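Not measured: the values here are computed from a predicted model.
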Amino acid sequence: MYNWSLKELYNDFDEVFVKDLESLNTDLDTLAELANKLSDAKSLENWITFNQKLSGKAVNIGAFITFRISTNSNDELANKYMGQYYNTLSKAARPEAQFTKWVKSIEDSLATWLDASPLIKEHQYMLEQTILTAKHTLSEDAEEILSKMSINGSSLWSQLQSQLTSNTTIEYEGKPHTLTQLRNLAYDSDTKVRKAAYEKELELYKLMDDSVAFALNGIKGEVIQTNKLRNYSNPLEETLIDSRLSKETLDALIEAIEINLPTFRKYLHAKAKNLGYTNGLPFYDLFAPYELEESKEYSVEDSHKMIVDNFKAFSDDLANMADRAYKEDWIDFLPKDGKRGGAYCYNLPHIKQSRIFTNYGKTLSDIITMAHELGHAYHGMMLEDNSLLNTDYSMPVAETASTFCENIIFNASMESATDEEKIMLIESSLQDLTQITVDILSRYKFETEVFERRQNEFLNSDTLQDIMLTAQKETYGDGLDSEYLHPYMWLNKGHYYSAGRNFYNFPYAFGGLFALGLYDQFEKEGESFVEKYRQLLKLTATASCEDVALSAGIDTTTVAFWQQSIDQIAKRIDLYIELTSK
């Protein structure tokens, strides 16, 4: 009962799966034929209809492989089929480039076709985005070559980073430890353990830092060159277009965080004082937990009841969806050998379900994590009646529903908590909120500098460490002890190692702070806010981030909005200081 069901996709890597994977190859040949026939509204309808079917099959195959690897990273068949799957998908590059160029060429005719065809009208936003990106699309030959080259370029560099950080070990306490095992000790209740693990972690990086530095240089170098070919002014421009986010919004978000760095440092100083430090908080104690005198364990069944009961206070459809997730085996709950760390939600809107991956540890923090992932599932539910081609939402709004649901559980828990429990809850939330603001800003600064310098030089491990330390000093400031920073944060974050997702950092700040602003509206408006919220989530797949926000009366291009969200964090910091000073 604690494992997810995958039978809705496939029973195994059986004949049905293999047949679908083989037919995906044939389907992409058909897609190429359709690309060659693009000429009028009817051919556009044929392209859209076929793509809906193709996308459903591709999602089923990719999701099933991903789920199998997530729960068993040593699954040889899953790893074999993942390689085949990506090789097959690379065939889509040429016809998609043809499609993009063609849609741009019929831009003047499109308005007439929209009026005449409900199917084309339904996909208007997708087509408008295609026109927007057309000027950055190369010839069909060039796009196909780049796609195939990336399989043996940035994709392999990414796999190298993943392989090394997953499997390199070092002896600690008489036993070999992986990077994940050492980093998990940052949450240990014993300061001595946290410090020793941090020091051993830094030693472990030295065994692979040169290799991973080559991986990072290879990926960023490839991005810089392909960006130049596609006429992007820089990698950030590409990310903003993909994110459907304006530079004005990003600038306002970054400015708001920078203005409020002293507020976050106040929290770090308070935590440092509570732990007995006078020179700021050592990096290894950033995630030091607040230990209750009598810690309580929450079973999976406890989390089920608590989440459903509290979600019901927001809306019945949210509570009912969470109930389904538990009862219909959408969730893989418990840690086990070979299972990867962390948590995620994978929306499957075409079968009106999601799958949630977590490593449930029976704490209240784990329940909040579960609520977070169920928020993603609710977001997916709001889009499940859309065409499958209209279900992709951009990274900045991706964390909206998840963080919103976190706040539901956090606020409900705070209402009945003792002072000691409140400290634990606030401390846990402030850890996360500091990560999505201060740490995210350090990552943004780091990546900006890396892209700037990589244009003209190779950045070895020592240089990357210096850039990271500078970024941490500029953001954390005296909130952290300068003797105990983390020069290798560039090495362990997989977010840096994707050529298709650069600046995979500021979306977390956007999503987290945007959700706080929405929750503030909910507290003021009550039940009348719920339908507005549903419509906002539905809009995320077919509108820019700014238009999504405007549907709730929010202007994300102003510092004032982001300041309102950070003001809520400031209140938690003040309460944390008040409670820990008693």
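- Taking a 6.0 Å sphere around OH of Y85, one finds it holds more than 12 heavy atoms contributed by other residues, nucleotides or ligands.
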Checklist entry - Does the side-chain contact (heavy atoms from CB on, under 4.5 Å) test come out yes or no for L516 and L433, once each step is laid out? => result CA-CA 10 Å; L516 280 173; L433 291 166; 4.1 Å; yes

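- Relative orientation of the F510 and F514 rings is tilted, given thresholds of 30° and 60° on the angle between their planes.
- For CD of E531, the number of neighbouring non-hydrogen atoms (other residues, nucleotides, ligands) closer than 6.0 Å is greater than 12.
- A donor and an acceptor atom, one from each side chain of T363 and D366, are located under 3.5 Å apart.
- Residues T26 and D29 have side chains that never bring a donor and an acceptor to within less than 3.5 angstrom of each other.
- Counting only heavy atoms from C-beta outward, the side chains of N25 and K91 approach each other to under 4.5 Å.
- Between the side chains of H372 and T403, no donor-acceptor pair is found at a separation under 3.5 Å.
- Ring geometry for F503 versus F506: interplanar angle of 30 to 60°, hence tilted.
- Remark: K362 NZ is loosely packed, at most 12 non-hydrogen atoms of other residues, nucleotides or ligands lying under 6.0 Å away.
- When ring centroids are compared, F404 and Y378 stay outside the 6.0 Å threshold.
- Between the side chains of S5 and E8, a donor-acceptor pair is found at a separation under 3.5 Å.
- For the pair R501 and Y504, the cation sits on the ring face: its NZ or CZ lies under 6.0 Å from the ring centre, inside 45° of the axis.
- The aromatic ring centroids of Y81 and F64 lie 6.0 Å or more from each other.
- Taking the ring centroids of W4 and F67, they lie under the 6.0 Å cut-off.
- Using a 3.5 Å distance cut-off with no hydrogens or angles, the side chains of T391 and N386 do not pair a donor with an acceptor.
- Between Y344 and F357, the ring planes lie parallel to each other; the angle is under 30°, not in the 30° to 60° tilted range.
- A donor atom on one side chain and an acceptor atom on the other are found under 3.5 Å apart for Q353 and R355.
- Remark: K336 NZ is packed, more than 12 non-hydrogen atoms of other residues, nucleotides or ligands lying under 6.0 Å away.
- D439 and Y444 are not linked by any side-chain donor-acceptor pair at a separation below 3.5 angstrom, with hydrogens and angles left out of the test.
- Side-chain N/O atoms of K538 and N390 include no donor and acceptor closer than 3.5 Å.
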Checklist entry - So E122 and S117, side-chain contact (heavy atoms from CB on, under 4.5 Å) or not? Walk me through it. => result CA-CA 9 Å; E122 181 184 5; S117 170; over 6 Å; no

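- Under 3.5 Å, the side chains of T556 and T249 contain a donor-acceptor pair of N or O atoms.
- Side chains of N227 and H136: no donor on one and acceptor on the other come within 3.5 Å.
- Taking the ring centroids of Y298 and H304, they lie at or beyond the 6.0 Å cut-off.
- Inspection of the Q435 and Q431 side chains reveals no N or O donor paired with an N or O acceptor under 3.5 Å.
- Using modelled atom types, one finds no donor on one side chain facing an acceptor on the other under 3.5 Å when comparing T49 with Q52.
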